[in-house]
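Numbering of residues begins at 1 and proceeds along the displayed sequence. All values below come from the heavy atoms of this structure, side chains included, with hydrogens, waters and symmetry mates left out. For clarity, every value in this text was computed on a predicted model and none was experimentally measured.
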Amino acid sequence: MLSKPVSPLPAEPPRGCPFSPPPQYAVLRVEEPVSRVSLPDGSWAWLITRYEDVRAVLSDPRFSSDSAAPGFPRSGMVTAGEAGSLIRTDPPEHTRRRRMLTPHVTVKSVSALRPRIQEITDELCDAMEAEREAAGSPGYVDLVRSLALPLPSSVISLLLGVPDEDHDVFQSITATVMSRVNAEEERTAARARLLTYLRELVAGKERNPGDDILSGLIHDRMGAGELTHDEVVGTAALLLVAGHETTANMIGLGALTLLRYPHAAEELRKDPSLMPGAVEELLRFHSVTRSGPRRAATADVEVGGQVIKAGEGIICALASANRDPEVFPDPDGFDPRRANSQRHVAFGYGVHQCLGQALARAELQISLNTLLRRFPELRLAVEFEDVPFRSDMLVYGCHALPVTW
């Protein structure tokens with residue numbers, strides 16, 4: 001017998017602490033860990049809320065990532081460049097295309113990029129200081145606008161060869177695509193503008209290649225017939241959107257969390273070597289992609305005691321999995337010394353686990369360590385209750401973070 005539908009999908013603004021995911025997740029983990037939820041278009045899908053069940057689904061090849069698969073829960077998905085998107089393919093096609101990108105984002109290649117990430121961070125912090133001095137007293141700086149957003153935008157643009165003057169263009173388009181409150185027609189139009197921009201960018205690199213990932217794909221892979229033009233554009237859209245949106249919001253939330261936990265901030269300031277562990281805990285604690293990956297069952301599969309039938313959709317609640325007390329004791333507490341925080345699934349799990357996670361970790365570690373070192377008196381310029389959180393967006397975070405020192 002099917003379980004009773006839950007409506008709607010738990011994604012509305014959370015009540016209580018804005019650091020917490022929707023409270024329905026905690027109830028569902030106990031009472032109905034594999035539950036039916038209704039979607040905005042009137043369809044429904046299975047919502048998976050327990051850690052072990054989420055990992056089981058994401059590592060099982062019988063669950064497809066192809067949005068064209070029967071039963072795939074498409075409503076509300078952000079799939080810029082979907083036709084050529086890597087995340088909408090299954091093995092072996094997914095494996096083949098992922099291998100083309102992997103060399104650019106390995107731990108080793110990201111390590112080589114760290115000095116440049118530090119330079120960009122320092123330049124942005126210099127600008128923050130200048131802006132704060134110019135503002136006089138009392139004055140403040142929006143840390144989201146000044147650091148959290150431009151840092152990952154600059155880094156991914158550097159990797160892809162996106163001109164500096166175009167940053168505002170794709171940031172504006174991405175904001176529209178990611179908004180929950182915009183009409184679907186508006187988001188579709190924004191996705192179309194992004195693809196048009198990227199087609200022109202790729203075409204330009206075909207004529208005048210540079211030393212960047214896209215130029216490499218065009219020359220080495222498209223030229224050899226291994227990738228189509230649309231697939232290069234789809235890959236560019238995925239990297240451009242995913243490469244800055246999630247990291248930008250994690251930098252903002254990470255900074256705010258350290259302001260709310262001053263003892264942890266002081267500990268990290270005294271011993272920056274603790275930052276990698278703290279970043280893993282921040283990723284677990286916040287899980288900015290709260291509703292998480294979607295799949296469609298291609299066969300009847302039992303998950304958590306519930307049979308998911310072929311052709312039915314699944315949504316994995318990563319934020320719920322990362323707050324599962326069966327895996328993370330006192331899961332709603334922030335503990336930068338948590339022993340197993342690295343087991344989080346904030347980057348997903350299985351073959352589709354985030355390709356850019358090494359880059360995201362580097363940007364978070366560098367930006368937060370730099371903030372703590374350069375601004376020891378950093379504090380919120382508004383009451384915590386007045387920070388505008390992104391409950392209206394598909395990726396959670398802060399719209400703005402006014403700070404001063």
| query | Between the main-chain N or O of Leu143 and the side-chain N or O of Ser146, is there a donor-acceptor pair closer than 3.5 Å? | reply | no
| said: Under 4.0 Å between a side-chain nitrogen and a carboxylate oxygen: does that hold for Arg295 and Glu312? | reply: no
| request: Please check if the distance between the ring centroids of Tyr51 and Phe328 is under 6.0 Å. | output: yes
| Is it the case that Arg390 places NZ or CZ above or below the six-membered ring of Tyr396, under 6.0 angstrom from the centre and within 45 degrees of the axis? | no
| task | Say whether, by atom type as modelled, one donor and one acceptor occur between the side chain of His352 and the main chain of Gly348 under 3.5 angstrom. | result | no
| Going from CZ on Arg373 to CG on Leu268, what distance comes out if it is rounded to the nearest 0.5 angstrom? | 14.0 Å
| Thr176 and Glu186: CA distance, side-chain angles, deciding distance, side-chain hydrogen bond (donor to acceptor under 3.5 Å, both in side chains) verdict | CA-CA 8 Å; Thr176 303; Glu186 194 173 353; 5.3 Å; no
| Does the side chain of Thr228 come under 3.5 Å of the side chain of Asp230 through a donor N or O and an acceptor N or O? | no
| task | Examine distances only and state if a side-chain atom of Ser320 and a backbone atom of Ala317 form a donor-acceptor pair shorter than 3.5 Å. | result | no
| request: State whether the side chain of Asp90 and the backbone N or O of Ser65 hold a donor-acceptor pair below 3.5 Å, judged by distance alone. | output: yes
| said: So which atom in Glu32 and which in Thr49 form the shortest heavy-atom distance, rounded to 0.1 Å? | reply: O-OG1, 4.5 Å
| message | Would you say Arg114 and Gln365 are linked by a side-chain donor-acceptor pair, where the criterion is simply a distance under 3.5 Å? | response | yes
| field | Electrostatic pair Arg132-Glu129, nearest N-O below 4.0 angstrom | value | no
| Do Asn322 and His286 have a side chain donor and acceptor closer than 3.5 Å? | no
| request: Might you point out which heavy atoms bring Tyr197 and Pro163 nearest each other, and give the distance in Å? | output: OH-CD, 3.9 Å
| request: Identify the heavy atoms of Gly252 and Leu401 that sit nearest to each other, and give their distance. | output: O-CD2, 3.5 Å
| Should the pair Glu267-Arg337 be classified as a salt bridge under the 4.0 Å nitrogen-to-oxygen rule? | yes
| request: Could you tell me whether the side chain of Arg191 and the main chain of Ile173 form a donor-acceptor pair under 3.5 Å? | output: no
| query | In this structure, which one of Asp142, Asp392, Asn249 forms a side chain to side chain donor-acceptor pair (under 3.5 Å) with His399? | reply | Asp392
| query | Would one find more than 12 heavy atoms of other residues, nucleotides or ligands at under 6.0 Å from atom NE2 of His229? | reply | yes
| Polar contact flag, side-chain donor to acceptor under 3.5 angstrom, Gln306-Trp46 | no
| request: Could you tell me whether the side chains of Glu281 and His344 share a donor-acceptor contact shorter than 3.5 Å? | output: no
| Is Arg62 salt-bridged to Asp60, going by a charged N under 4.0 Å from an acidic O? | yes
| Any Lys/Arg nitrogen of Arg361 or Glu280 sitting under 4.0 Å from an Asp/Glu carboxylate oxygen of the other? | yes
| query | Would the Tyr261 and Phe19 ring centres measure less than 6.0 Å apart? | reply | no
| said: Among Thr106, Ile117, Thr247, Val107, exactly one meets side chain to side chain contact (heavy atoms under 4.5 Å, CB included) together with Leu359. Which residue is that? | reply: Ile117
| Check: Thr102 side chain, Arg98 main-chain N or O, donor-acceptor pair, under 3.5 Å | yes
| remark: d(Ser64 OG, Arg294 CZ) to nearest 0.5 Å is 14.5 Å
| message | For the CZ atom of Arg343 and the OG atom of Ser341, what is their distance to the nearest 0.5 Å? | response | 11.0 Å
| field | Presence of salt bridge, Asp330 and Arg323, under 4.0 angstrom | value | no
| field | Ser157 (side chain) donor-acceptor with Ser153 (main chain) under 3.5 angstrom | value | yes
